Engineer: 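Please find one structure pasted underneath; my questions will follow.
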Amino acid sequence: EDGVQQKVTSFKRVEAPITALLLCEFAAKNYTLIYDMRNAAFAFANQLRPQDYVALMTFDMRTQIVSDFTQDKSQIQQGINSLRMPGFNETNLFDALYEGIDRLDRIEGRKYIILIASGRDTFSKLTLDKIMQKVKSARDITIFTVSTSGWLQAMSGGRGGMRGAMRDLDYLQADNQMATFAKVTGGMSFVPRFIGEMPDIFSSINQNIRSKYQLVYHPTNAKQDGT
């Protein structure tokens with residue numbers, strides 16, 4: 001301060017509240033994907049703190065705000081629990097992520113998107129190039145992705161002949177796309193194979209997004225006039 005080295009009296013890590021959008025794929029494509037999405041979403045919701053500000057949005061062919069931004073943890077949990085009967089098979093991931101970024105752009109400060117999805121986009125108006133431009137230009141938004149296709153890949157990998165090989169390639173490409181969304185925003189990407197991995201995954205995400213560092217020092221300039 002004032003070009004003078006100051007003596008630090010305290011330096012510690014503290015936890016801070018978060019502002020986050022929980023963005024979940026909810027499509028009539030495969031019940032296993034829905035089951036894994038719900039488990040992942042509950043794992044995130046169960047670790048929310050009273051001061052966190054969180055919204056829940058789902059997507060298939062279109063997006064739906066299941067719960068707008070709230071500090072009520074139970075409201076998010078109830079919203080997740082209501083996700084039982086999806087309407088469409090299509091998954092417009094790129095369009096949904098674009099809309100999610102737009103919603104968070106209106107909020108000041110650091111924000112997070114927790115994207116829980118298979119990663120496959122089947123019907124978006126936007127191309128991959130367009131959504132990548134949007135992701136790269138997002139202000140103060142970090143994306144964390146959790147794939148719901150890990151168990152399917154583990155169970156079916158290498159089976160099903162040519163058709164199975166194409167399906168596996170689709171999911172691998174989808175996981176790579178989600179990993180890229182996370183990487184370019186400074187987030188993390190996960191492809192869990194089993195439900196038991198979820199608590200540790202969301203514990204890692206929570207530690208990453210909540211950790212702030214507090215540095216305390218007493219200035220050598222005793223004047224209180226701003227100089």
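Every value quoted in this text rests on a predicted model; they were computed, and no experiment measured them.
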Engineer: Is a donor from one side chain sitting under 3.5 angstrom from an acceptor on the other, for Arg110 and Thr19?
Structural biologist: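 No donor-acceptor contact under 3.5 Å links the two side chains.
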Engineer: Verify, without hydrogens or angle tests, whether Asp36 (side chain) and Leu33 (backbone) share a donor-acceptor contact under 3.5 angstrom.
Structural biologist: no
Engineer: Less than 4.5 Å apart, side chain to side chain, heavy atoms only: is that true for Phe26 and Asp60?
Structural biologist: no
Engineer: Give a yes or no on whether Leu97 and Val66 share a hydrophobic cluster (residues Ile, Leu, Val, Met, Phe, Trp, Tyr; joining criterion: side-chain heavy atoms under 4.5 Å apart).
Structural biologist: no
Engineer: Tell me, please, which residues at least two apart from Phe88 pass ring-ring contact (aromatic ring centres under 6.0 Å, His included).
Structural biologist: none
Engineer: How long is the span from the CZ atom in Arg49 to the CD atom in Gln71, to the nearest 0.5 Å?
Structural biologist: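 Here the interatomic distance stands at 14.0 Å.
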Engineer: Under the 3.5 angstrom rule, does the side chain of Thr63 hit a backbone N or O of Phe59 as a donor-acceptor pair?
Structural biologist: no
Engineer: With a 4.5 Å heavy-atom cut-off, do Gln177 and Thr145 have their side chains touching?
Structural biologist: no
Engineer: Could you state whether Val191 and Ile114 fall into the same hydrophobic cluster, counting links through intermediate Ile, Leu, Val, Met, Phe, Trp or Tyr residues with side-chain heavy atoms under 4.5 angstrom apart?
Structural biologist: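 Different clusters: Val191 never reaches Ile114 through Ile, Leu, Val, Met, Phe, Trp or Tyr contacts under 4.5 Å.
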Engineer: Out of curiosity, does Leu21 fall in the hydrophobic cluster containing Ile18 (side-chain heavy atoms, cut-off under 4.5 Å, transitive links)?
Structural biologist: no
Engineer: What are the two closest heavy atoms between Pro192 and Ser147, and how far apart are they?
Structural biologist: CD-O, 3.5 Å
Engineer: Has Lys111 got a side-chain atom pairing as donor or acceptor with Gly109's backbone, closer than 3.5 angstrom?
Structural biologist: yes
Engineer: Indicate yes or no: at least one non-hydrogen side-chain atom of Phe44 is less than 4.5 angstrom from one of Val54.
Structural biologist: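 Yes - at least one pair of side-chain heavy atoms lies under 4.5 Å apart.
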Engineer: Between Asn39 and Tyr35, is there a donor-acceptor pair closer than 3.5 Å when you use the side chain of the first and the backbone of the second?
Structural biologist: yes
Engineer: Does a side-chain heavy-atom distance below 4.5 Å link Leu23 with Ile116?
Structural biologist: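 A side-chain contact is absent here, since even the closest heavy-atom pair is not under 4.5 Å.
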Engineer: Does a sphere of radius 6.0 Å around OH in Tyr98 hold more than 12 heavy atoms from other residues, nucleotides or ligands, not counting ones at 6.0 Å or beyond?
Structural biologist: no
Engineer: Using a strict cut-off of less than 4.0 Å between a Lys/Arg side-chain nitrogen and an Asp/Glu carboxylate oxygen, indicate whether Lys130 and Asp95 qualify as a salt bridge.
Structural biologist: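 No, no charged N to carboxylate O under 4.0 Å.
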Engineer: Do Ile80 and Tyr53 sit in the same hydrophobic cluster, where Ile, Leu, Val, Met, Phe, Trp and Tyr count as joined when their side-chain heavy atoms come under 4.5 Å apart?
Structural biologist: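 Not linked; separate clusters.
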Engineer: May I ask you to test the Thr127-Met132 pair for a side-chain heavy-atom distance under 4.5 Å?
Structural biologist: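 A side-chain contact is absent here, since even the closest heavy-atom pair is not under 4.5 Å.
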Engineer: For Thr32, which residues count as a side chain to side chain donor-acceptor pair (under 3.5 Å) partner, sequence neighbours excluded?
Structural biologist: Asn30
Engineer: Nearest 0.5 Å, please: how far is CE in Met37 from OH in Tyr31?
Structural biologist: 9.5 Å
Engineer: Determine whether the side chains of Glu25 and Thr91 contain a donor N or O and an acceptor N or O closer than 3.5 Å.
Structural biologist: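 No donor-acceptor contact under 3.5 Å links the two side chains.
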Engineer: Okay, side chain of Asn46, backbone of Phe42: is any donor-acceptor separation there less than 3.5 Å?
Structural biologist: yes
Engineer: To the nearest 0.5 Å, what is the distance between CG on Leu48 and CG on Asn206?
Structural biologist: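 One finds 7.5 Å between CG of Leu48 and CG of Asn206.
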Engineer: Quick check for you: to the nearest 0.5 Å, what is the distance between Arg103 atom CZ and Ile141 atom CD1?
Structural biologist: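 Here the rounded value is 12.0 Å.
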Engineer: Kindly compute the distance separating CZ (Phe181) from CG (Leu115), expressed to the nearest 0.5 Å.
Structural biologist: 7.5 Å
Engineer: Under the criterion side-chain contact (heavy atoms from CB on, under 4.5 Å), which of Thr148, Asp175, Asp170 is the partner of Ser118?
Structural biologist: Thr148
Engineer: Charged N to carboxylate O under 4.0 angstrom, Lys134 versus Asp129?
Structural biologist: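 Asp129 and Lys134: not salt-bridged.
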Engineer: As a quick check of understanding, evaluate side chain to side chain contact (heavy atoms under 4.5 Å, CB included) for Arg38 and Asn81, giving each step before the final call.
Structural biologist: CA-CA 8 Å; Arg38 282 167 50 92; Asn81 194 48; 3.7 Å; yes
Engineer: How about CZ on Phe69, more than 12 heavy atoms from neighbouring residues, nucleotides or ligands closer than 6.0 Å, or not?
Structural biologist: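 Yes, because the 6.0 Å sphere around CZ of Phe69 holds more than 12 heavy atoms from other groups.
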Engineer: In this structure, are over 12 heavy atoms from other groups packed under 6.0 Å from Arg193 atom CZ?
Structural biologist: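 Buried by this count: over 12 neighbours within 6.0 Å.
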Engineer: Does any non-hydrogen side-chain atom of Leu83 lie less than 4.5 Å from one of Thr58?
Structural biologist: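 In contact.
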Engineer: Do you know which two heavy atoms are closest between Ala55 and Asp68, and how far apart they sit?
Structural biologist: CB-C, 3.8 Å
Engineer: Determine yes or no for a side-chain-to-main-chain donor-acceptor pair under 3.5 angstrom, with Arg210 supplying the side chain and Pro17 the backbone.
Structural biologist: no
Engineer: Mind listing the closest non-hydrogen atom pair of Met57 and Ala96 along with its distance?
Structural biologist: CE-O, 3.6 Å
Engineer: Specify the closest pair of heavy atoms between Arg120 and Leu93, including all atoms of both residues, with the distance to one decimal.
Structural biologist: O-CB, 4.2 Å
Engineer: Between Ser124 and Asp121, does a side chain to side chain donor-acceptor pair (under 3.5 Å) hold up when you go through it step by step?
Structural biologist: CA-CA 7 Å; Ser124 281; Asp121 185 284; 2.5 Å; yes
Engineer: Leu104 and Leu22: same hydrophobic cluster, using ILVMFWY side-chain contacts below 4.5 Å?
Structural biologist: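 As far as the 4.5 Å side-chain criterion goes, Leu22 and Leu104 are not connected within one cluster.
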Engineer: Would you say Phe190 and Ile205 make side-chain contact, with heavy atoms under 4.5 Å?
Structural biologist: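 With C-beta onward as the side chain, the pair touches.
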Engineer: So how far is it from Lys183 NZ to Ser189 OG, rounded to the nearest 0.5 Å?
Structural biologist: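 The NZ atom of Lys183 sits 11.0 Å away from the OG atom of Ser189.
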Engineer: Just wondering, do Val146 and Met178 contact through their side chains at under 4.5 Å, heavy atoms?
Structural biologist: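 SC-SC contact between Met178 and Val146 ruled out.
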Engineer: Applying side chain to side chain contact (heavy atoms under 4.5 Å, CB included), can you list everything that pairs with Thr70, at least two apart in sequence or on another chain?
Structural biologist: Ser67, Asp72, Gln75, Ile76
Engineer: What's the shortest heavy-atom distance between Gly79 and Ser82, and which atoms?
Structural biologist: O-OG, 2.6 Å
Engineer: Keeping the roles fixed (side chain from Ser137, backbone from Gln133), state whether a donor-acceptor pair exists under 3.5 Å.
Structural biologist: yes
Engineer: What's the shortest heavy-atom distance between Glu90 and Ala27, and which atoms?
Structural biologist: O-CB, 3.8 Å
